[in-house]
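Everything below concerns the one structure shown next.
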Amino acid sequence: MTVSVDPQSEPASPPRRDRTHWLYIAVIAAVVVGIVVGLVAPEVGKSVGVLGTMFVSLIKMMIGPIIFCTIVLGIGSVRKAATVGKVGGLAFGYFLVMSTIALTIGLVVGNLIHPGSGMHLSEGSAGKGAELAEKAHEAGGLMDFVQGIIPETLFSSLTAGSVLQALFVALLVGFALQGMGSAGEPILRGIEHLQKLVFKVLIMILWLAPIGAFGAIANVVGQTGWTAVTQLLTLMLGFYVTCVLFVFGVLGVLLRAVSGVSIFKLVRYLAREYLLIFSTSSSESALPRLIAKMEHLGVDRSTVGVVVPTGYSFNLDGTAIYLTMAALFIADALSAPMSVGQQIGLLVFMIVASKGAAGVTGAGLATLAGGLQAHRPDLLDGVGLIVGIDRFMSEARAVTNFSGNAVATLLVGSWTHTVDKAKVDAVLRGDDPFDELTMVDDHSAAAAEPARV
């Protein structure tokens, strides 16, 4: 009986091989080749810029479906969290505040270091960008703007290319499903499957990132020379430093003040998870391990069950910092800096739209494009400037997101008195180490249940 079951369960796990490291290597090679071509043959570099534009168009194609699916499902997860009462309410309130703080920090740092300000790419990017800018100016006043949010039909919002229309309809559908209660569950499950399809298509598109990165970098370097390289490195370094300061400064101080826990000890406790995230560029890869480790740390299972999954959709601190810094970089690089009012409008939009950037590598790039399309369509073409270095920044985004959710779990546990402080201290001291055997993988699961047919 067991012989017939085990052989079928064994082959199921080997195919799950991570090949994203090849994409990582390909993007690095494409960036290097693009820089060389831009420096050695500037005219050739400028001519291949269309490759970056086409890649951005593919990303743009996915914006509407991504925002629709993730916002609808996000509202569904809030409804579930709310049923847990105090834990869900505190968690959601904290996520909203912390995301806003992270977005604000990104704006402040971006305005201080002015990444991209020395590139002056307005001439080389005037074509389609100028066209979009003219269209934006034709939009009219406030009432015309509000009227433009309402789509012609419910489904046209996903095909018209308007991010605000997709967001508006997603909110309506999400709250409608929320009001339907259990009757809306099958529809939510259907949208979950649709989201998997959308993200699968996005992953397929991301395999073209080396081509897009080559075209975009070669074009930029062909126009500006070494200036482009130094400005892109400035953005990356500024982003890394900001993430480190956010985790060990903002989150560390908050964790010490509320829970009396050292952020350095927590980071050491989660070291293996950080290595896993670095290898996959996605914090979602460590989700099961985070749940198991936070329970082992002494946080009540019900609290972990609400805070961690909800945080993976609503508490994306690293992505928030990235979105605002990258938007300011593009604006400065195209010599079209954002006014304070535009930055605030972008921040408000990103507070909502960033909830759709969870889990899948590259979704942050689509959300960035969505924010620019909604507020400064003349800057949309500039997303191609980020393609070449987006992969290098994704690890820092994922690690910061992961750290934010680990800290949030302890904070909410402290506020709701669902954490065993003595257990936390013992685990972080090393007196009660985490047993890796509790993380049951496919092989051990098959071995553990041979008698159950």
Side-chain angles (χ1 to χ4, degrees), residues 77-95 98 247 251-252 254-278 280 282-318 358-359 398-449:
S77 68
V78 170
R79 174 169 56 83
K80 291 174 187 172
T83 61
V84 189
K86 189 176 180 181
V87 172
L90 277 172
F92 183 65
Y94 170 79
F95 295 156
M98 194 52 64
V247 171
L251 295 179
L254 197 56
L255 183 63
R256 172 65 74 179
V258 175
S259 303
V261 174
S262 166
I263 186 69
F264 296 99
K265 291 182 178 180
L266 181 62
V267 167
R268 186 177 62 185
Y269 174 63
L270 299 172
R272 288 199 179 192
E273 288 64 46
Y274 285 120
L275 289 174
L276 180 62
I277 293 168
F278 266 109
T280 60
S282 173
S283 56
E284 197 167 75
S285 60
L287 173 60
R289 291 184 62 89
L290 179 61
I291 292 174
K293 280 206 161 182
M294 296 313 289
E295 289 179 2
H296 173 74
L297 190 60
V299 184
D300 187 82
R301 175 169 291 184
S302 62
T303 299
V304 175
V306 171
V307 177
V308 173
T310 307
Y312 263 70
S313 291
F314 284 87
N315 190 38
L316 305 171
D317 301 327
V399 165
T400 306
N401 293 341
F402 180 82
S403 302
N405 288 319
V407 170
T409 307
L410 277 171
L411 293 177
V412 174
S414 298
W415 286 325
T416 56
H417 307 291
T418 54
V419 60
D420 184 344
K421 186 61 170 61
K423 178 79 180 290
V424 171
D425 293 338
V427 170
L428 295 183
R429 278 198 312 267
D431 297 342
D432 185 7
F434 179 74
D435 183 3
E436 293 292 336
L437 293 178
T438 61
M439 287 302 304
V440 180
D441 58 20
D442 294 337
H443 296 286
S444 56
E449 297 184 318

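What you see is a predicted model, and the numbers here were worked out from it, not measured in a lab.
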query = Using the ring of each side chain (for Trp, its six-membered ring), is Y269 parallel, tilted or perpendicular to F434, with breaks at 30° and 60°?
reply =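 It falls in the perpendicular class, over 60°.
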First locate atom [atom1] of [X], then atom [atom2] of [Y], and finally report the distance between them rounded to the nearest 0.5 Å.
{"X": "L410", "Y": "I263", "atom1": "CG", "atom2": "CD1", "value": "9.0 Å"}
{"X": "T416", "Y": "L411", "atom1": "OG1", "atom2": "CG", "value": "10.5 Å"}
{"X": "L90", "Y": "S414", "atom1": "CG", "atom2": "OG", "value": "11.0 Å"}
{"X": "L255", "Y": "S262", "atom1": "CG", "atom2": "OG", "value": "8.0 Å"}
{"X": "D300", "Y": "H417", "atom1": "CG", "atom2": "NE2", "value": "13.0 Å"}
{"X": "D431", "Y": "K423", "atom1": "CG", "atom2": "NZ", "value": "12.0 Å"}

Q) When you measure from the side chain of N405 to the backbone N and O of V308, does any donor-acceptor pair fall under 3.5 Å? A)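 Between the backbone of V308 and the side chain of N405 there is no qualifying donor-acceptor contact (under 3.5 Å).
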- [ ] Verify, without hydrogens or angle tests, whether D317 (side chain) and N401 (backbone) share a donor-acceptor contact under 3.5 angstrom.
- [x]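 Not a single qualifying donor-acceptor pair exists.
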What pair of heavy atoms forms the shortest contact from T418 to V412, and how long is it?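 Taking every non-hydrogen atom into account, OG1-O, 4.4 Å.
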[Y] side chain reached by [X] side chain, heavy atoms, under 4.5 Å:
{"X": "V407", "Y": "M98", "value": "no"}
{"X": "L297", "Y": "L428", "value": "yes"}
{"X": "Y94", "Y": "V307", "value": "no"}
{"X": "L290", "Y": "E273", "value": "no"}

